[in-house]
Amino acid sequence: MTRVLLVEDDKNLCFILKSSLEQMIGGYEVEAASNGKEGLEKLAAGKFDVIVSDVEMPVMDGMTMVRHIREHHPGVAIIFITGLTTARDVINGYQSGADFYIKKPFLPEELDAHIQAVLKVKQSVLMPETEEKDAYPIGNYTFIPSQHLLLYGEERQSLTSKEAKVLEMLCREMGQIVSREEILTAIWQTADFYSSRSLDVFITKLRKYLAKDPAVFVKVQKGVGIGLEFSGKEKLDIL
């Protein structure tokens with residue numbers, strides 16, 4: 001049974017989605033909250049596989065809620081459902097920490113498909129079938145994929161599930177260029193404009209996380225792909 005925290009202030013839409021997931025589609029247990037503050041309270045009181053949230057809500061909006069969630073629950077799957085549809089809205093949604101961004105209106109079956117997809121990403125089903133590693137050394141950093149953690153001495157940086165997936169793909173090909181299409185297909189399941197822009201956002205964030213070690217850098221080769229490099233070594237050994 002997949003447990004869903006549905007955060008939506010539109011009572012009619014909330015009822016439709018809850019009943020559709022639980023009764024029409026099946027396999028879901030849905031708990032509802034009417035705003036971000038209530039969503040955080042529900043999350044603190046229970047465990048959920050995925051959070052589905054609107055963006056524009058009273059008391060606390062969805063993006064503010066997600067930023068709070070990412071501080072303490074970096075691995076939980078999060079999907080935004082919203083009528084905010086501009087490119088900037090989508091980018092802001094991913095920057096706040098969401099894994100997927102669904103534009104209203106949509107069918108419950110579409111939401112079901114997105115939930116299943118994001119859970120597969122979280123469980124590494126879409127990643128290349130290679131042996132999972134406990135940790136990757138990246139210069140003075142240590143990346144622990146299973147915990148979505150990037151360590152620098154005593155400092156700990158929590159990553160979102162997608163940030164961790166992108167970094168893990170780059171670590172597996174340390175010193176090599178990974179094509180954008182390969183990354184987008186594996187993690188976003190599409191190579192459209194919005195997912196490509198989202199990848200750019202993720203790369204900017206990864207560069208920021210890795211900025212403390214000047215020997216480590218994320219290289220973007222226009223028209224080709226992205227690579228993680230550590231000066232002085234072509235490819236780092238994996239622990």
Side-chain angles (χ1 to χ4, degrees), residues 70 74-75 77-78 87 90-91 93-101 117-239:
R70 286 305 183 207
I78 300 176
V90 175
I91 292 170
Y94 282 118
Q95 285 181 323
S96 71
D99 294 295
F100 275 82
Y101 192 102
V118 77
L119 290 178
K120 284 181 180 179
V121 171
K122 182 182 175 185
Q123 296 162 6
S124 301
V125 173
L126 297 179
M127 298 299 296
E129 295 183 3
T130 57
E131 182 183 355
E132 291 189 2
K133 306 298 178 182
D134 294 330
Y136 294 87
I138 312 172
N140 291 319
Y141 290 90
T142 300
F143 171 48
I144 306 175
S146 62
Q147 299 180 38
H148 300 169
L149 278 178
L150 187 62
L151 307 180
Y152 185 83
E154 297 298 319
E155 297 181 25
R156 297 161 60 91
Q157 173 65 57
S158 296
L159 307 180
T160 67
S161 62
K162 277 193 175 178
E163 288 171 350
K165 293 301 181 185
V166 172
L167 184 55
E168 186 172 8
M169 288 192 75
L170 297 179
C171 283
R172 286 175 173 169
E173 301 296 332
M174 179 73 74
Q176 307 297 320
I177 296 295
V178 184
S179 72
R180 293 178 67 91
E181 184 176 0
E182 182 180 350
I183 297 172
L184 291 169
T185 301
I187 299 176
W188 276 266
Q189 301 180 81
T190 178
D192 62 14
F193 170 79
Y194 293 111
S195 60
S196 184
R197 290 293 299 275
S198 297
L199 175 57
D200 291 335
V201 171
F202 279 62
I203 294 305
T204 299
K205 294 176 77 173
L206 289 177
R207 280 175 165 169
K208 180 180 177 181
Y209 297 153
L210 296 166
K212 289 184 174 66
D213 187 343
V216 176
F217 59 100
V218 180
K219 179 180 179 180
V220 176
Q221 192 168 335
K222 189 174 182 180
V224 180
I226 302 159
L228 180 62
E229 299 191 0
F230 176 56
S231 60
K233 288 188 178 182
E234 292 184 358
K235 191 168 184 175
L236 294 179
D237 293 329
I238 297 173
L239 292 178

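Everything quoted here is computed from the prediction, not taken from an experiment. One is the number of the first residue; the rest follow in order along the sequence.
The side-chain heavy atoms of Leu228 and Leu167, taken from C-beta on, include a pair separated by under 4.5 Å. Inter-residue side-chain proximity for Ile187 and Leu199 is flagged as unmet; no heavy-atom pair is nearer than 4.5 Å. The closest side-chain heavy-atom distance from Ile91 to Ser198 is not below 4.5 Å.
Judged by distance alone, with hydrogens and angles left aside, the side-chain atoms of Arg70 form no donor-acceptor pair with the main-chain N or O of Thr160 at under 3.5 Å. A donor-acceptor contact shorter than 3.5 Å links the side chain of Lys162 to the backbone of Asp99. Although no hydrogens or angles enter the test, the distance criterion places no donor-acceptor pair under 3.5 Å between the side chain of Asn140 and the main chain of Asp213.
Within a 6.0 Å sphere centred on CD of Gln221, other residues, nucleotides and ligands contribute more than 12 heavy atoms. The environment of CZ in Arg207 is crowded: more than 12 heavy-atom neighbours from other residues, nucleotides or ligands sit within 6.0 Å.
For the atom pair CD1 of Ile144 and OH of Tyr136, the computed distance is 12.5 Å after rounding to the nearest 0.5 Å. Atom-to-atom distance recorded for Leu210:CG and Ile138:CD1 is 5.5 Å, nearest 0.5 angstrom. The line from NZ of Lys222 to CZ of Arg180 is 11.0 Å long, rounded to the nearest 0.5 Å. Between the OG atom of Ser158 and the CD atom of Glu163 there is a distance of 10.0 Å, given to the nearest 0.5 Å. With rounding to the nearest 0.5 angstrom, the CZ atom of Arg172 is 12.5 Å from the CE atom of Met174. To the nearest 0.5 angstrom, Leu159 atom CG is 5.5 Å from Leu150 atom CG.
A pairwise comparison of heavy atoms in Ala77 and Val118 identifies CB-CG1, 3.9 Å as the closest pair. Across every non-hydrogen atom of Ala135 and Thr142, the tightest pair is CB-CG2, 3.9 Å. Among all heavy-atom pairs drawn from Phe193 and Ala87, the shortest one is CE2-CB, 4.1 Å. Contact record, Cys171 with Phe143: SG-CD2, 3.9 Å, taken as the closest heavy-atom pair. When all heavy atoms of Lys205 and Gln95 are compared, the pair lying nearest together is NZ-O, 3.1 Å.
Side-chain atoms of Gln157 and Tyr141 form no donor-acceptor pair, as typed in the model, at a separation below 3.5 Å.
For the ring pair (Phe, Tyr, Trp, His ring centres under 6.0 Å) test with Trp188, the passing option among Tyr194, Phe202, Phe100 is Phe202; the others fail.
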